[in-house]
Amino acid sequence: MKISSVAGESFGDILKKNGVKGAIAVLVNGTAKDLTAVASGDETIEPIFLESQEGLKILRHSAAHLLAQAVMELYPDAKLNAGPATDDGFYYDIEMPAPTEEDLARIEERMHKLSEADYPIIRKEMSREELIRRFSGNRFKIDKVIANVPDGSKSTVYVQGDFGDFCLGPHVPSTGYIKYFKLLNVASTNYKGDEKETRLVRIYGTVFSNEKDLKGFLQNREEAAKRDHRKIGKEMDLFMFDTDVALGFPFYTPNGVIVRNELMTFMKGLNSEFGWEEVATPHVYRDILWKRSGHYAKYRPNMFVFTLDDGDSYGIKPMNCPGHIIIFQRSPKSYREMPVRYSEQGTVYRYEKSGEVGGLTRPRMFTQDDGHAFLRLDQVLQEVKSILRMVSIVYSTIFGKIDMNYDLSIIDKEKPDDFLISYICSSCGTKIEARKASLSDELSCPNCGGTDFKPDFTHWDQATDQLKAALKDERIVYGEKVGEAAFYGPKIDIHIKDALGRLWQVATIQIDFFMPINFGLFYVNQDGTQEKPVIVHRAIYGSYERFMAILIEHFAGKFPTWLSPLQAYIVPVSEKFDSYARNIASQLSNGGIRAKVDLGSETLNKKLKMIRSMRPSYILVVGEREEKENTVSVRNRKGEQKVMPVNEFIGAVLKEINEKNPVQTV
RNA sequence: GCCGUUGUAGCUUAGCUGGUUGAGCAGCUGAUUCGUAAUCAGCAGGUCGGGGGUUCGAAUCCCUCCAGCGGCUCCA
C-alpha cells in the first residue's frame with residue numbers, strides 16, 4: 001500500500017487520515033521512520049506492521065532498548081554499549097557484572113513491568129553538544145556520538161520513561177508493543193570485538209509479535225538442543241573426542257564409520273558415473289609446495305607446520321588441491337583430454353584456535369568429498385551443469401524433498417584490487433595477472449616498466465556468464481552476491497534448510513584462476529600453443545564431519561535405513577526362541593542387512609527401552625507365533641507394528657536400502 | 001587466543017556456610033523366561049579435571065594450568 005505524504009504532518013497522522021490502523025512505523029522511500037516523524041511532503045510512504053519483516057526488526061530493536069532500560073534500573077552503574085536486532089532476536093552489550101540465571105529472570109520481570117507501564121517512546125533531536133553532555137560518563141556512547149554525529153549536526157535520542165538511548169530508530173510507539181519476549185542467554189564480548197578492550201556482557205533475547213510465534217521459536221530451540229549432534233553422537237555411539245590427546249580431532253567409532261562409509265560409497269559411485277577419477281595424495285608436504293601454492297603467504301596461521309631434526313620443514317595439508325595439481329602436472333595435457341577430473345575423499349587439517357573448536361562442525365581435521373576439474377575456459381558451463389546435477393541427486397536422495405538455496409558470488413568491479421584479475425599495460429599492451437590488495441609495491445609492467453594499467457575482466461566475465469547459464473539451464477533460482485566471490489574466482493554456494501528450518505552451507509563450486517598461475521599449469525592447444533586451464537574446486541557434502549552433524553540434527557538420529565548403523569534389532573520374547581531369533585538374524589545379515597540379536601536375560605520391555613538410544617530402523621520381536629509361521633513381528637520408527645513373513649521383510653528392507661529410500665517402507 | 005560459565009564413576013547427577021563423596025542407569029554375578037519404552041537381589045566401580053597453596057582437616061577457600069559449553073563489532 002502506497003500513500004502520498006502531506007507536508008508538515010506526522011506520518012502517523014497521515015496514516016490515520018488514510019484509514020490505516022495498527023502500523024508501528026512507516027517505510028519512506030525504502031527507509032524505516034517513526035510515526036511521529038514529520039513529512040516534508042514529497043515522500044511516498046508505506047505502513048509497517050508488527051508482523052512484517054521490517055516490523056519485527058523494529059520490534060526487536062525496541063526490545064533491546066527495553067532490556068537496557070530494565071538493566072539500568074536494576075544496575076544503575078551499568079554502562080550501555082550497543083543493542084541491535086539480530087536475525088532471530090536482539091542483544092545488548094553492557095559493561096556490568098555478569099548476571100546469573102536469577103539475575104536474568106529479574107531483568108526479564110522488570111522488562112515485563114516496563115512493558116505493562118506502556119511508556120510512549122519519544123524521539124528527541126539533540127545537537128552533538130547536547131548528546132555529549134547527556135551521555136558523559138559513558139564512553140561507549142560518547143565514542144559513537146563522536147564517530148557518527150558531525151559537528152554542527154543533530155541526531156536523536158529515544159526516550160521511554162526516565163530512560164533514553166542514543167539511537168537512529170525507528171521504534172515502536174510505546175513499550176506496550178513489546179510483549180512476547182524472552183531473555184535467552186548471557187555471553188561475553190569485548191568492546192569493538194577487540195580482546196584488549198573492555199569486557200562487556202552480552203545479553204541475548206528474542207521477541208515476537210504474538211505469543212504463538214514466541215512459543216514456536218522457543219520450542220524449536222528446545223528441539224535443536226535435543227538434536228545436538230554431540231548429544232546424539234554419544235547416544236548412538238557414532239564418534240568421540242579425547243581432548244587430552246587430540247583437541248578438535250574426531251574419532252569415529254564403529255557405528256560412525258558405518259554411516260561415513262555408506263556416504264562415501266555413494267559419493268564414489270557418483271564420481272565414477274560423472275567422470276571423476278579417484279586419486280589419493282600425501283597428507284604432508286615439504287614447505288616448498290606451500291610456498292608455491294601461496295598457502296604460506298596467506299594461510300599459514302591456520303596450518304600445522306613442523307620442522308624435523310634435519311632442518312627440513314613440512315606442512316600438513318589444509319586443502320587437497322595442491323596434491324591434485326601435482327598429479328595433473330605429471331604429463332603434458334592435450335586440449336583433447338580436457339576436462340581432467342580428480343576426486344578424493346581427502347582428509348585435511350586446519351589449525352583452529354582452541355576457543356573455536358567444538359563438535360563435528362568446528363574440527364581441526366575433516367574429510368572433504370573433494371574434486372578438482374581442470375578445464376578449458378569454454379568448458380565451465382558443461383562442467384558446472386554436471387556438478388549441479390550431482391548436487392541435486394545427492395540431496396534429493398538423502399533427504400527426499402528439501403529446500404535448497406543457491407548463492408552466486410561474483411566480483412565487485414568497483415573494488416577490483418581485492419580480486420585476482422588481468423591488467424593491460426597502457427603503454428606496451430602487456431597483460432599481467434595480479435591481486436593488487438596483496439602486493440606490497442605498486443604494480444609495474446615487467447616489459448616496459450610502466451605503471452598505468454587498465455583492468456581486464458574478460459576471464460571473470462566469461463566464467464561468471466557460464467555459471468549463470470549453468471544455473472539457468474538447470475532451472476535453479478539463485479541469489480547474486482556482489483563482491484562475495486573468492487579472490488581467485490566466482491563461486492556457487494549451496495545451502496540446505498533442515499527439519500528445524502536452519503540453513504547449512506554444504507556444497508560449493510568455485511572457479512579458480514589463481515592456482516593455474518602459481519603452478520604454471522597448461523595444456524597444449526589445437527595450434528600447438530600452451531594454454532592456461534581454469535580449475536573448478538567442488539565439494540558436494542562439504543565435509544563428512546559437518547555433513548554427519550547435519551544428518552544427525554536433521555533426522556534426530558533416525559537415519560534413512562541405508563545409512564542406519566543398526567537396521568534391524570531382533571528380540572526373542574523368551575529364551576525358548578533364542579535359536580529362532582538367531583536364525584532370523586543370520587538370514588538378515590546374509591542378505592546384507594545390518595542386524596543384531598539380543599539374547600540377554602533382561603525382559604522384553606527392558607531391551608526395547610535400552611535400545612531406544614541407538615535408534616534402530618526396525619525392531620523385530622519373535623516368539624511362538626512367529627516361529628510357528630516363519631514370520632517376524634516388525635515395529636517401525638512410527639511405532640506401527642505388523643507381522644509379516646521373514647522373506648517379505650527381507651525383500652522390502654533390501655529394496656528400501658538399495659533404493660536409498662529416505663522414508664521407511666515397512 | 002580473549003571474555004563469561006561449568007567440570008564429582010562409562011552416562012545422568014546429590015553433596016548447605018570446609019569435617020572420611022550419596023544415588024540412578026550402564027557393567028559384573030545370581031535368580032527370573034517375560035509379547036512391544038525399566039523384573040529382583042547382590043557385587044564392583046570415584047587421583048571429586050590436573051598441579052600448587054591456605055588449614056589440624058579441602059570436592060568445598062585461594063592461585064595456576066587443562067577441558068566442555070555460550071560468545072567474541074549482524075554498528076548508535
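Below, chains carry the letters A, B, ... as their sequence lines are ordered, and counting in each starts from 1.
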**Item:** Whole-angstrom distance between B:rG50 and B:rA9, as gauged at atom P
**Value:** 10 Å
**Message:** Expressed as a whole number of angstroms, how long is the span from A:D242:CG to B:rG68:P?
**Reply:** 11 Å
**Message:** Between A:Y191 and A:F140, is the ring centroid distance below 6.0 Å?
**Reply:** yes
**Message:** Using whole Å, what does the distance between atom C1' of nucleotide B:rA37 and atom CD of A:Q641 come to?
**Reply:** 12 Å
**Message:** Any donor-acceptor pair under 3.5 Å linking the side-chain atoms of A:R139 with those of A:T198?
**Reply:** yes
**Prompt:** What does nucleotides 70-76 of chain B look like as a protein-contact string, B for base, S for sugar-phosphate only, - for none, at under 4.0 angstrom between heavy atoms?
**Reply:** BBBBB-B
Atom pairs under 3.5 Å: protein N/O with N/O of nucleotides 44-52 of chain B:
none

**Prompt:** When the P atoms of B:rC75 and B:rU5 are considered, how many whole Å apart are they?
**Reply:** 28 Å
**Prompt:** Using the C1' atom in both, what is the distance from B:rC65 to B:rA23, to the nearest Å?
**Reply:** 32 Å
Name the pairs: protein N/O against N/O of nucleotides 63-67 of chain B, kept only if under 3.5 Å.
residue : atom : partner : partner atom : Å
B:rA67  : O2'  : A:T243  : OG1          : 3.4

**Message:** Under a plain distance cut-off of 3.5 Å, with no hydrogens placed, do A:K141 and A:N81 share a side-chain donor-acceptor pair?
**Reply:** no
Write out a two-atom table: protein N or O, nucleotide N or O from nucleotides 38-42 of chain B, distance below 3.5 Å.
residue : atom : partner : partner atom : Å
B:rA38  : N7   : A:K609  : NZ           : 3.3
B:rU39  : OP1  : A:T603  : OG1          : 3.0
B:rU39  : OP2  : A:T603  : OG1          : 3.3
B:rU39  : O4   : A:E602  : OE1          : 3.4

**A:H295 and A:W290 aromatic ring geometry - parallel, tilted or perpendicular at 30°/60° bounds** = perpendicular
**Residues in side chain to side chain contact (heavy atoms under 4.5 Å, CB included) contact with A:F577, at least two apart in sequence or another chain** = A:P572, A:V573, A:S574, A:E624, A:E627
**Prompt:** Mind checking the C1' distance from B:rA38 to B:rC72? Whole angstroms is fine.
**Reply:** 45 Å
**Item:** Stretch residues 567-574 of chain A: residues that reach within less than 4.0 Å of RNA chain B through a heavy atom
**Value:** A:V573, A:S574
**Message:** Under the rule for side chain to side chain donor-acceptor pair (under 3.5 Å), what residues qualify as partners of A:E223, not counting sequence neighbours?
**Reply:** A:R227
**Asked** Using atom P of each nucleotide, how far apart are B:rU36 and B:rC69 to the nearest Å?
**Response** 40 Å
**Message:** Taking the C1' atom in each of B:rA26 and B:rU20, what is the distance between them to the nearest angstrom?
**Reply:** 28 Å
**Prompt:** What distance, rounded to whole Å, do you find between the two P atoms, one in B:rA14 and one in B:rG49?
**Reply:** 14 Å
Check nucleotides 9-12 of chain B for protein N or O atoms closer than 3.5 Å to its own N or O atoms and list the pairs.
none

**Request:** Measure from CE on A:M240 to C1' on B:rG68 and round the result to the nearest Å.
**Result:** 14 Å
**Item:** Note: A:E356-A:R362 ion pair, threshold 4.0 Å (strictly below)
**Value:** yes
**Request:** Determine whether the side chains of A:Y618 and A:E656 contain a donor N or O and an acceptor N or O closer than 3.5 Å.
**Result:** yes
**Asked** Looking at A:D103 and A:R106, does any basic side-chain N land under 4.0 Å from a carboxylate oxygen?
**Response** yes
**Message:** Using a 3.5 Å limit on both distances, find every run of at least three consecutive Watson-Crick or G-U pairs that involves RNA chain B.
**Reply:** B:1-7 with B:66-72, B:10-13 with B:22-25, B:27-31 with B:39-43, B:49-53 with B:61-65
**Prompt:** Is it true that the side chains of A:S564 and A:Q567 contain a donor and an acceptor less than 3.5 Å apart?
**Reply:** no
**Prompt:** Just checking, is any N or O donor in the side chain of A:N185 or A:Y91 under 3.5 Å from an acceptor N or O on the other one?
**Reply:** no
**Prompt:** Which residue pairs pass the salt bridge (Lys or Arg N to Asp or Glu O under 4.0 Å) test with at least one member in residues 240-252 of chain A, sequence neighbours excluded?
**Reply:** none
**Request:** Please indicate whether A:K231 has more than 12 foreign heavy atoms, meaning atoms of other residues, nucleotides or ligands, lying under 6.0 Å from its NZ.
**Result:** yes
**Prompt:** What residues form a side chain to side chain donor-acceptor pair (under 3.5 Å) with A:E629, not counting sequence neighbours?
**Reply:** none
**Request:** Would you mind reading off the distance between A:E95 atom CD and B:rG4 atom P, rounded to a whole angstrom?
**Result:** 13 Å
**Request:** Verify the distance criterion only: is there a donor paired with an acceptor across the side chains of A:Y478 and A:N405 at less than 3.5 Å?
**Result:** no
**Request:** Decide, yes or no, whether a salt bridge links A:E235 with A:R615 under the criterion of side-chain N to carboxylate O below 4.0 Å.
**Result:** yes
**Complete:** Taken to the nearest whole Å, CZ/A:F239 to C1'/B:rG68 is 14 Å
**Request:** Could I get the full list of side chain to side chain contact (heavy atoms under 4.5 Å, CB included) partners for A:R300, not counting sequence neighbours?
**Result:** A:Y296, A:V305
**Message:** Between the side chains of A:D228 and A:R230, is the shortest nitrogen-to-carboxylate-oxygen separation below 4.0 Å, so that they form an ion pair?
**Reply:** yes
**Message:** Heavy atoms only, 4.0 Å cut-off, all strands: where does A:E624 land among base, sugar-phosphate and nothing?
**Reply:** base
**Request:** Evaluate whether atom NZ of A:K79 has more than 12 neighbouring non-hydrogen atoms of other residues, nucleotides or ligands under 6.0 angstrom away.
**Result:** yes
**Item:** Euclidean distance, atom CG of residue A:D237 to atom P of B:rG27 [Å, nearest integer]
**Value:** 14 Å
**Prompt:** Can you tell me if A:R202 and A:Y204 form a side-chain donor-acceptor pair at under 3.5 Å?
**Reply:** yes
